[in-house]
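Because only heavy atoms are used, hydrogens play no part in the values below, and waters and symmetry mates are left out as well, while side chains stay in. All residue numbers refer to positions in the sequence shown, counting from 1.
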Amino acid sequence: MRYGAIDIGSNAIRLLIADIIENGGVISFKKNTLIRVPLRLGDDAFIDKRISKRKSEDLIKTMSAFKSLMDVYKVSEYMACATSAMREAVNGVELVSEIKKVGIKLEIIDGVKEANIIYNSHIEQQLERKKSYLYIDVGGGSTELSVFSNGFLVASRSFNIGTIRILDNQDSEETWAEMKEWIKEHTKNNKGIIGIGTGGNINKLYRLADEKGTKPLSFNKLKSLYEYLNSFSLKERISVLGLNNDRADVIIPACEIFLNVMKWGSVKNIVVPRVGLVDGIIQTLIDDYRE
């Protein structure tokens, strides 16, 4: 079997096609194909509160292409989710109807469901049960935070702070203050808390830090990397460092979010399991199949 996962984010749209493997009653998946299209719906949604006609057309074309690819790959089940940009766009529901016409059933999910789906990628299997963790997922429009202690989810919340939102000056001081207060409140009783970072930016930062295997990324090393990246202009980050155009700008506010969250939560190290919403969607489909 093959499953498909579509993530319509604020910065990019992703399609993951995964091969489902069943061995001795244990079901897992192997990534077959991952396609990323940097549409940046957040630029429209966070400023104009509407997805423009041009980007709407590009989104529908992309969904049509994804549908054709899933047909070619003979995908038997799929799930398509849209996050903060589509949540805030007044024409989000209208676009869901248009996308349905090309054969894709799309759901606009709230921040809590988004966090739950990402958590469903079974991050907890990589954790030591006796330790405490602050899970941080940074997207273009929102940041999802979850606190784990002794193997259990203690608290979870989504905040309207994201990389595209910051670049467009659509983040508010009040939301930053709320996030700081929430982190301090839910981490004050957890000593030696460890961070878990997900999202395209932290994955890229981890590679730039040249960490090996599953070694955690320290706060100090992330801060040094942020200062290094910030010493280059946007053009230099593209031409000299070789970053993609749609990564070279968002990676700076992403660093700022991670560093602030880690500082407020007294997090000295962050592990980067390199999973995201599409991984959680595939695992959700596997769990539904089991049931």
Side-chain angles (χ1 to χ4, degrees), residues 5-16 36-52 55-56 58-60 62-63 79-96 98-99 104 106-121 135-146 156-179 182-183 197-203 246-247 249-258 260-261 275-281 284:
I6 295 174
D7 166 19
I8 299 180
S10 306
N11 187 32
I13 300 173
R14 294 174 179 83
L15 166 66
L16 171 62
R36 180 179 181 274
V37 182
L39 275 191
R40 289 231 165 154
L41 300 180
D43 280 338
D44 289 353
F46 304 141
I47 296 175
D48 302 324
K49 305 303 178 186
R50 169 180 290 275
I51 308 297
S52 66
K55 288 199 176 182
S56 294
D58 287 345
L59 173 60
I60 293 167
T62 304
M63 290 299 100
M79 182 187 294
C81 297
T83 56
S84 57
M86 291 280 279
R87 283 199 292 266
E88 294 196 22
V90 294
N91 59 335
V93 175
E94 177 187 329
L95 279 169
V96 169
E98 291 300 312
I99 290 167
I104 296 289
L106 173 66
E107 179 185 0
I108 299 175
I109 59 174
D110 61 27
V112 174
K113 185 167 183 178
E114 182 180 353
N116 287 338
I117 291 175
I118 298 169
Y119 171 68
N120 203 33
S121 59
Y135 163 70
I136 312 158
D137 180 75
V138 174
S142 62
T143 295
E144 273 64 55
L145 301 175
S146 300
S156 183
R157 186 167 167 187
S158 176
F159 294 89
N160 283 339
I161 293 175
T163 57
I164 301 296
R165 205 183 288 272
I166 292 172
L167 287 176
D168 291 339
N169 295 313
Q170 298 302 307
D171 56 316
S172 69
E173 291 183 9
E174 291 81 5
T175 309
W176 277 103
E178 282 178 22
M179 186 164 75
W182 187 92
I183 292 167
T198 59
N201 286 297
I202 194 66
N203 291 343
D246 62 298
R247 182 69 68 199
D249 54 355
V250 294
I251 203 163
I252 297 298
C255 277
E256 292 167 355
I257 296 171
F258 277 106
N260 276 311
V261 171
V275 297
L277 186 64
V278 285
D279 301 85
I281 289 173
T284 298

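The pair Arg165-Asp171 does not count as a salt bridge, with every side-chain nitrogen at least 4.0 angstrom from each carboxylate oxygen. Salt bridge absent: Arg157 and Glu144 never bring a charged side-chain N and a carboxylate O closer than 4.0 Å.
Looking at Lys55, its side chain never comes within 3.5 Å of a backbone N or O of Asp44 through a donor-acceptor pair. Asn91 contributes a side-chain N or O that, together with a main-chain N or O of Ile51, makes up a donor-acceptor pair within less than 3.5 Å. One N or O on the side chain of Asn260 and one on the backbone of Glu256 form a donor-acceptor pair closer than 3.5 Å. In this structure, the side chain of Asp48 does not engage the main chain of Arg50 through any donor-acceptor pair within 3.5 Å.
Inter-residue side-chain proximity for Trp176 and Phe159 is flagged as unmet; no heavy-atom pair is nearer than 4.5 Å. In this structure, the side chains of Ile6 and Arg14 stay at 4.5 Å or more apart for every pair of heavy atoms. Here the side chains of Ser158 and Thr143 are not in contact, with every heavy-atom distance at 4.5 Å or above. At least one side-chain heavy atom of Asn160 sits less than 4.5 Å from a side-chain heavy atom of Glu88.
Residues Phe258 and Thr198 come closest through the heavy atom pair CZ-O, 4.0 Å. Counting all heavy atoms, side chain and backbone alike, Thr163 lies closest to Val250 at CG2-O, 3.5 Å. Between Ser84 and Gly141, the shortest heavy-atom distance links the atoms OG-CA, 3.1 Å. Between Ile281 and Ala5, the closest heavy-atom pair is CG2-CB, 3.5 Å. The two atoms that bring Ile117 and Cys81 nearest to each other are CD1-SG, 4.2 Å, heavy atoms only.
A distance of 5.0 Å separates CD1 of Ile8 from CG of Leu59, quoted to the nearest 0.5 Å. Atoms CD1 and CD, from Ile161 and Glu178 in turn, are 8.5 Å apart once rounded to the nearest 0.5 Å. Note: Ile47 CD1 to Asp168 CG = 3.5 Å, rounded to the nearest 0.5 Å. The structure places CG of Asp137 at 7.5 Å from OG of Ser142, a figure rounded to the nearest 0.5 Å. Between atom OG of residue Ser56 and atom CG of residue Leu39 there is a gap of 10.0 Å, rounded to the nearest 0.5 Å. Between the CZ atom of Phe46 and the CG atom of Asn169 there is a distance of 13.0 Å, given to the nearest 0.5 Å.
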Point to revise | Worked check of side-chain contact (heavy atoms from CB on, under 4.5 Å) between Glu114 and Arg87 | key: CA-CA 12 Å; Glu114 182 180 353; Arg87 283 199 292 266; 3.5 Å; yes
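By the 6.0 Å contact criterion, NZ on Lys113 is open, its count of non-hydrogen atoms from other residues, nucleotides or ligands being 12 or less.
Test Arg40, Arg36, Met63 against Ile13 for side-chain contact (heavy atoms from CB on, under 4.5 Å) and you get one pass: Met63. Tested against Pro253, the residues Asn201, Ile164, Val138, Leu167 include a single side-chain contact (heavy atoms from CB on, under 4.5 Å) partner, Leu167.
Side-chain atoms of Glu173 and Thr175 include no donor-acceptor pair closer than 3.5 Å. Residues Tyr135 and Ser156 have side chains that never bring a donor and an acceptor to within less than 3.5 angstrom of each other.
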